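We name chains A, B, ... by the order of the sequence lines, and we start the count at 1 in each one. The shown structure was predicted, so the numbers you read here are calculated from the model rather than taken from an experiment.
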Protein chains: 2
Amino acid sequence: MSAIADVARLAGVAKATASRALSGRGYVSEETRRKVVDAATLIGYVASPNAASLVTGRTKSIGVIIPFISRWFFSEVLESLERSLLAEGYDMTLYNLPAHSAERERVFDFFLARKRFDGVISVGVELSDAEVGLLHRLGRPLVGIGGEIPGVHTIAIDDTAAARLATEHLLSLGHTDIRHIGGDQVDQMDFAVHTKRLTGFNMAMSAAGLSADGCFAPCAFTVPGGYGAGLALFGDPHRRPTAVFAASDEIAFGLIVAARELGILIPSELSVIGIDGHPYAEMFRLTTIEQHPRNQARMAVESLLRALEQPSAPVTPGLTRAPTNLVMRSSTSAPR
Amino acid sequence: MSAIADVARLAGVAKATASRALSGRGYVSEETRRKVVDAATLIGYVASPNAASLVTGRTKSIGVIIPFISRWFFSEVLESLERSLLAEGYDMTLYNLPAHSAERERVFDFFLARKRFDGVISVGVELSDAEVGLLHRLGRPLVGIGGEIPGVHTIAIDDTAAARLATEHLLSLGHTDIRHIGGDQVDQMDFAVHTKRLTGFNMAMSAAGLSADGCFAPCAFTVPGGYGAGLALFGDPHRRPTAVFAASDEIAFGLIVAARELGILIPSELSVIGIDGHPYAEMFRLTTIEQHPRNQARMAVESLLRALEQPSAPVTPGLTRAPTNLVMRSSTSAPR
DNA sequence: TCCAGATATGGAAACGGTTGCATAAGGAAC
DNA sequence: GTTCCTTATGCAACCGTTTCCATATCTGGA
């Protein structure tokens, strides 16, 4: 194809001048600039980012590590990351790494270690010290979403507090027989999200003077997971709780579908609360704690780009808490 | 960082030899190879793909254009694309382009036109002749998923046939009062997917000697979209059909939720069939036409890589039909 | 013994940009 | 009329690989 040398020749200037004219860096007279631009458009010149990266060391592309694509939180984050990065002129290269996959090491050694990215965003993946160290040594800034990583700036909601808030909402309505349906061990999710939400639940219960023993039931972190748990939990009318705190909206939807199939009225016979702010929540009239993943993604991009602009001042490691808020709908009420 | 020159120096060989030893191309004695590899691991050498691309012209990375990330079909395709490409050593760079977005031109001119990708996969995006021409001129192979693009190899199901099959299933059960709930104009989906499915419905109806006039109702191509359409459609018991063909499983779920809220029994009072093979279908006991997006993605990658390996023989333009199959569950039965 | 081919290695030229340094002209300040 | 700074441009080095070409050794077959 046509290289910048061709453009320079056609415009009657040196390669250096053509480069400056096209990139806008350095001194170029307006007249020369126009000549160069005209020549470039005439022969359909497009710059080679590879060649530029080679000398500048910057690739204008960001690597993203994410364990799921189809789960709501992650797809929302992904869409928002892509938009924000594209708007800033960055490419986004995606690595879909299931939590403890065998490919993880390969991705780090083979893909990330190469100098193809200016920075990395890790979504819901708890990086090891070795992995963080690798990126750090390469001088590549790293920002996390979803949980705390030592030495890395991360954006995350306070899972424990959110779970506690959800449970307290049920308690404040007068419920005392509350169950928590959350992720199980099989569903590997990093940052101990499941555990933190369970902890928040336990804290709220004991603060209210209630025992949380036997109040937790695990299930797959999906709608069918919640559905299965709901059928099992609500099957026996005598052991049915008056309220359920689901660790995610998707679980909550499954619980609601199961409850409806069993003829249980919501909220009069059963209150349900979730966490997420999923777009289907309104349709199911689900009370939930919203966590705004798109904002979390924007915050991560902002932090990463700031670190890229000022390599001197490394990203302030530490946790930025993303806000959450309770949205009350009609899936919760006082017990009968 | 350390370059291949450092490795060569440490191993006591020339850069050329070090390159051959590490890439495995050309003649290198076993002894020398080991020396080079040892030196490389010793100083933690990682190759720069940028520098390599510059001379080889191959980037080992593929660009993917996709209009949605969170919709089921697209997230499935995406996950499968990523796996297949990663397994073959390719990076995947993602461009999330809503159908008629303003950014589309910018992405093509600014991102895709650059020589950053060996090839492009377009998922559910109907590329214009100009866009196809641009990539073709750059010598970058292109494979499509979701519908026919002139001059490009594409993988797609037969939307018309699938819709017809779904409708025929309802007809064969004895239904005559059938409605089709599908995507609306606002929901911009390329390749006229909505129209094709409507056409399949109409063909089946008229083949059965039934009029399809007024049997179509549009809605957003989502669960809440189907829910809203269901509430509207099933609200009046006297105008209620005995069967509904939903253009997607997600719409079907919404319809089912709406029907259940209204106390309508499925399938005795209402049969519902969808298209997709969504993982929630089993939970809703939904009869559906499965379309296996992951396989479609695998086929696309295979086709693209074949084109990359043999630049001489260009990809056979044309359409490869991805198979679909009817899965019967208990959301459909004969009318009462 | 000589020669063709396979094997092994090095030197140097690419690939396509950016940028440091040198040069030169035009003002402004003294 | 110097001196200095700003503006404008060119030359050449450089980024980190791959690969072409040349050279040299070692086979084995004629």
Side-chain angles (χ1 to χ4, degrees), chain A residues 1-37 39-40 43-61 89 110 113-118 138-140, chain B residues 1-37 39-40 43-61 89 91 110-111 113-118 138-140:
Chain A
M1 292 299 111
S2 54
I4 201 171
D6 303 326
V7 176
R9 199 177 312 121
L10 186 58
V13 299
K15 259 171 56 179
T17 305
S19 171
R20 281 187 284 253
L22 292 172
S23 69
R25 272 183 292 274
Y27 295 115
V28 176
S29 75
E30 184 50 35
E31 188 197 343
T32 307
R33 209 190 65 79
R34 195 189 308 275
K35 271 196 304 184
V36 171
V37 169
I43 64 175
Y45 167 77
V46 286
S48 158
N50 278 323
S53 314
L54 196 54
V55 45
T56 61
R58 324 202 79 201
T59 63
K60 278 284 181 178
S61 103
F110 187 70
R114 307 174 154 221
K115 302 117 185 172
R116 215 171 233 191
F117 309 110
D118 291 344
L138 290 169
R140 297 286 175 264
Chain B
M1 293 297 113
S2 55
I4 201 172
D6 303 326
V7 176
R9 199 176 312 121
L10 186 58
V13 299
K15 262 169 52 180
T17 305
S19 172
R20 281 187 287 254
L22 292 173
S23 69
R25 272 183 293 274
Y27 294 115
V28 175
S29 74
E30 184 50 34
E31 187 196 343
T32 305
R33 209 190 65 79
R34 194 189 310 274
K35 271 196 306 186
V36 171
V37 170
I43 64 176
Y45 166 77
V46 286
S48 158
N50 279 323
S53 318
L54 194 55
V55 43
T56 62
R58 324 202 79 201
T59 63
K60 278 283 181 178
S61 102
D91 273 351
F110 187 70
F111 289 97
R114 309 175 153 218
K115 301 119 184 171
R116 218 171 230 193
F117 308 111
D118 292 344
L138 290 170
R140 297 285 176 265

K.L.:
What integer distance in Å separates B:Arg116:CZ from C:dG17:P?
P.N.:
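My rounded result for the distance is 13 Å.
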K.L.:
What is the distance, rounded to the nearest whole Å, between atom CZ of A:Arg25 and atom P of D:dA8?
P.N.:
17 Å
K.L.:
May I have the distance from B:Glu31 (atom CD) to D:dC26 (atom P), rounded to whole angstrom?
P.N.:
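Atom-to-atom, B:Glu31 to D:dC26, this comes out as 14 Å.
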K.L.:
Generate the contact string for nucleotides 3-12 of chain C. Rules: B means base contact, S means sugar-phosphate contact only, - means no protein heavy atom under 4.0 Å.
P.N.:
---SBBBBB-
K.L.:
Measure CG/A:Leu138 against C1'/D:dG16 and give the value in whole Å, please.
P.N.:
15 Å
K.L.:
Short question: side chain of B:Ser53, backbone of B:Pro49 - any donor-acceptor pair under 3.5 Å?
P.N.:
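Side chain of B:Ser53 to backbone of B:Pro49, a donor-acceptor pair under 3.5 Å: yes, one is there.
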K.L.:
For residues 16-30 of chain A, pull every pair meeting salt bridge (Lys or Arg N to Asp or Glu O under 4.0 Å), keeping only residues two or more places apart or in separate chains.
P.N.:
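Listed once each, the pairs are A:Glu30-A:Arg33, A:Glu30-A:Arg34.
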K.L.:
For A:Tyr45 and C:dC15, what is the distance between atoms OH and P respectively, to the nearest whole Å?
P.N.:
14 Å
K.L.:
Is a side-chain N or O of B:Arg140 found less than 3.5 angstrom from the main chain of B:Phe117, in a donor-acceptor match?
P.N.:
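Answer holds: yes.
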K.L.:
Atom CG of A:Leu22 to atom P of C:dG17: distance rounded to whole Å?
P.N.:
9 Å
K.L.:
Under 4.0 Å, heavy atoms only, any strand: does B:Ala47 hit a base, just the sugar-phosphate, or nothing?
P.N.:
sugar-phosphate
K.L.:
Using modelled atom types only, decide if a donor and an acceptor are shared between the side chain of A:Asp118 and the backbone of A:Arg58 within a distance under 3.5 Å.
P.N.:
no
K.L.:
Say whether, by atom type as modelled, one donor and one acceptor occur between the side chain of B:Thr32 and the main chain of B:Val28 under 3.5 angstrom.
P.N.:
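Answer holds: no.
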K.L.:
Under 4.0 Å, counting only non-hydrogen atoms across every strand here, what does B:Val46 touch: a base, just sugar-phosphate, or nothing?
P.N.:
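Sugar-phosphate: the residue B:Val46, judged by heavy atoms under 4.0 Å, touches backbone atoms but no base.
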K.L.:
Flag the pair B:Asp91 and A:Arg116 as a salt bridge only when some basic side-chain nitrogen lies within less than 4.0 angstrom of an acidic carboxylate oxygen.
P.N.:
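Looking at A:Arg116 together with B:Asp91, the answer is yes, because their closest N to O distance falls below 4.0 Å.
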K.L.:
What is the distance, rounded to the nearest whole Å, between atom CG of B:Asp6 and atom P of D:dT17?
P.N.:
9 Å
K.L.:
For the pair made of CG in B:Leu54 and C1' in C:dA13, what is the distance, rounded to whole Å?
P.N.:
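Distance check: B:Leu54 CG to C:dA13 C1' gives 13 Å.
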